[in-house]
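Comments concern the structure below.
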Number of protein chains: 2
Amino acid sequence: MPPPAKPLLQRQTVTAMVAEYIAAKIIGGDYPGGHQIRQEAIAAELGVSRIPVREALLQLEAEGLVVIRTHRGAVVSDLSADDAIDLFDARLLLEPFLVKKAIARMSNQDIANAERALQDYEAAISRGDPKELSRLNWAFHTALLEPSMRPRSMAVLQTLYSSADRYLRLQIEPLKAQTKALQEHRDIFAAYRLRDAVETSRLLKKHVADAAEEIVSQLKRGEAAV
Amino acid sequence: MPPPAKPLLQRQTVTAMVAEYIAAKIIGGDYPGGHQIRQEAIAAELGVSRIPVREALLQLEAEGLVVIRTHRGAVVSDLSADDAIDLFDARLLLEPFLVKKAIARMSNQDIANAERALQDYEAAISRGDPKELSRLNWAFHTALLEPSMRPRSMAVLQTLYSSADRYLRLQIEPLKAQTKALQEHRDIFAAYRLRDAVETSRLLKKHVADAAEEIVSQLKRGEAAV
DNA sequence: CAATGAAATATTGGATACGATCGTACAAGT
DNA sequence: ACTTGTACGATCGTATCCAATATTTCATTG
C-alpha cells in the first residue's frame with residue numbers, strides 16, 4: 001500500500017502546480033507587467049527547489065505570459081496597444097471560423113454545456129469577483145468552440161487569450177460593461193442554440209471586436225499617460 | 001537608434017542547443033512520429049546533463065513537436081489527418097490576413113528581402129536537399145509576412161508550421177511538386193512586389209490550400225494503409 | 001495455462017551544490 | 001568631472017545525486 005498523503009485521484013506534478021501558481025499571480029494582477037520574477041523567491045515561497053520553478057517559467061513563456069532572457073531571468077510580459085491588436089486580430093479570425101465548425105458538429109449535449117457555462121457566468125456577475133468572471137467568460141467561449149474538435153486551434157486560442165486576459169479584467173470590471181457582455185453572450189447563445197452558424201459567427205465576431213476596441217483604447221490611454 | 005536587428009555574437013545556452021538538435025532530428029525524420037525520446041540517451045549523446053534536455057523538451061512541447069506525459073516521458077507527436085486539417089485551416093486564415101497587413105506597411109527593403117528568399121529557395125531546388133528546401137520554403141513565407149509587424153501572430157504561425165513541417169517534406173520531395181511550388185512562389189512574389197494585396201492574398205491562400213490538400217490526402221492514405 | 005499480483009528495473013521528477021554570467025559600485029586614470 | 005577598468009554581489013544555468021513513478025518480469029494461484 002502506498003502512503004498517499006493526498007494524491008488520491010489527483011496526481012499533479014510540482015512543476016504544474018508552480019505554473020498554475022505563477023499564472024494566477026500574473027492573471028490576477030499581483031505581478032504586473034514588467035515585474036521581474038526571481039526563481040529563488042518563488043522557490044522559497046512555495047518551499048520547493050528552483051528546478052520546477054524554472055520549468056514552470058518555460059511553460060509560461062510558451063503561453064506568452066512571461067519573457068525569459070538568458071542569464072537575466074523572467075519578466076512578466078507587458079502588452080502594448082500593438083500587441084493587443086495583434087492578438088485580437090488573430091482571435092477575430094479564429095473564433096468565428098471555429099464556431100461555424102462547432103455548430104456543424106455539435107450535439108445537444110454540447111448546447112447544454114454552453115448553456116451551463118452561460119448560466120455560470122451570469123451567476124458570477126452578482127458576486128463580481130473579476131478573476132472568477134474572467135475565467136467564466138473564457139469558459140463560455142471555450143464551450144462554444146469545443147465541439148469543433150480542433151484541439152490545435154483551440155490551443156492557439158488559449159495562448160492568445162491568456163496573453164491579453166489580465167488586461168481584459170480592467171474592461172470587465174465596470175458594471176455596465178459586464179451587463180453588456182452578458183447580453184452579448186445571451187444573443188450569441190440564442191443563435192448558437194438555433195444552429196444559425198452565420199449569425200452566431202457574426203455576433204461572436206462583433207463581441208470580440210468590441211472587447212478589442214475597448215482594451216486597445218484603454219492601453220493607448222495608458223501609454224499616453226506614461 | 002533603430003532596433004539592433006540581431007546580436008550577431010549570441011551566447012548560446014546549452015538548453016537552446018539541445019532544443020535545436022532534437023528539433024532537427026524530428027524535422028529531419030530521424031525521430032519518426034511516436035518515437036520515444038529518452039532524456040538520458042540524448043544527454044549522453046551530447047555529453048550534457050539531463051536538465052537542459054528536459055527543458056529543451058518542454059520548449060519543443062510548446063512548439064507542438066513532442067508530447068510530454070508525466071513520468072512517461074516525451075514522444076514525438078504524430079499527426080493525424082484531422083490534425084493536419086486543423087493546423088492548415090488556421091494557417092489559411094492567418095497567412096492571407098497577415099500578407100495584406102504586410103503589403104500595407106512594407107518598404108522596398110522588405111521587397112528585396114522577399115526576393116532574396118525566393119532566389120535562395122530557387123537555388124536550393126537544384127541541390128535538392130529536402131531539409132534545406134523546407135527551411136527555405138518557410139523562410140520565403142516568413143519574409144512575405146514579416147513586414148506586417150505582428151510578432152504574436154508570427155509566433156503562432158511558426159508553431160503551426162513546425163508542427164506539420166516534417167510531413168510536408170514528403171510532399172516537397174517529388175520534383176514536380178517542387179517546380180509547382182516554385183512557380184507559385186514566383187506568382188505570389190510578382191503580385192507582392194506590385195503591392196497588389198488582394199491578388200497576393202488570394203494566391204497565397206491557394207498555395208497553402210494546395211499544400212494542405214496534398215498532405216492531408218497523403219496522411220489519409222497512410223492511415224488507411226495501416 | 002491464463003490471470004493476478006508483487007518485486008525488479010528503467011525512466012522521469014525534484015533537490016542540492018557548483019560554476020558562469022550579468023549588473024553595479026567603486027577606484028583609477030585622463 | 002567624465003570615462004574606463006575591475007572587483008563584488010546577485011541571479012541564472014548546469015551537473016550530480018536522490019526520490020517517485022511507470023513498466024516489465026516473474027513467480028504464484030485458480
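Nothing here was measured: the structure is a model prediction, and the numbers come from that model.
Side-chain nitrogen and oxygen atoms of A:Thr70 include none within less than 4.0 Å of the OP1 or OP2 phosphate oxygen of D:dG13. Put simply, B:Thr15 has a side-chain N or O that comes within less than 4.0 Å of OP1 or OP2 on D:dT14.
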For residues 15-27 of chain A, run the donor-acceptor check on the side chains, cut-off 3.5 Å, and write out each pair with its distance to 0.1 Å, sequence neighbours left out.
from    : atom 1 : to      : atom 2 : distance (Å)
A:Glu20 : OE2    : A:Gln12 : NE2    : 3.1
A:Tyr21 : OH     : A:Glu45 : OE2    : 2.5

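The distance between atom CD1 of A:Ile68 and atom P of C:dC22, rounded to the nearest whole Å, is 16 Å. The separation between B:Arg69 atom CZ and C:dT11 atom P is 16 Å, rounded to whole Å.
Residues satisfying the side chain to side chain contact (heavy atoms under 4.5 Å, CB included) criterion with A:Met154, sequence neighbours excluded, are A:Leu98, A:Thr142, A:Leu145, A:Glu146. Applying the side chain to side chain contact (heavy atoms under 4.5 Å, CB included) criterion to B:Ala114, with sequence neighbours excluded, gives B:Ala143, B:Leu144, B:Phe189, B:Tyr192. Under the ring-ring contact (aromatic ring centres under 6.0 Å, His included) criterion, A:Phe140 pairs with A:His185, sequence neighbours left out. By the ring-ring contact (aromatic ring centres under 6.0 Å, His included) test, A:Tyr31 is found to be paired with A:His35, residues two or more places apart in sequence or in another chain being considered. The salt bridge (Lys or Arg N to Asp or Glu O under 4.0 Å) test applied to A:Glu63 returns no partner, not counting sequence neighbours.
Identified under the salt bridge (Lys or Arg N to Asp or Glu O under 4.0 Å) test for residues 104-118 of chain A, with sequence neighbours left out: A:Glu115-A:Arg193, A:Arg116-A:Asp120.
Of all the residues in residues 48-67 of chain B, B:Val48, B:Ser49, B:Ile51, B:Pro52 reach under 4.0 Å from DNA chain D with at least one non-hydrogen atom.
The shortest distance between side-chain heavy atoms of A:Arg166 and A:Val76 falls below 4.5 Å.
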Check the interface with nucleotides 8-11 of chain D: list each N/O to N/O pair with the protein under 3.5 Å, or write none.
from   : atom 1 : to      : atom 2 : distance (Å)
D:dT11 : OP1    : A:Arg38 : NH1    : 3.0

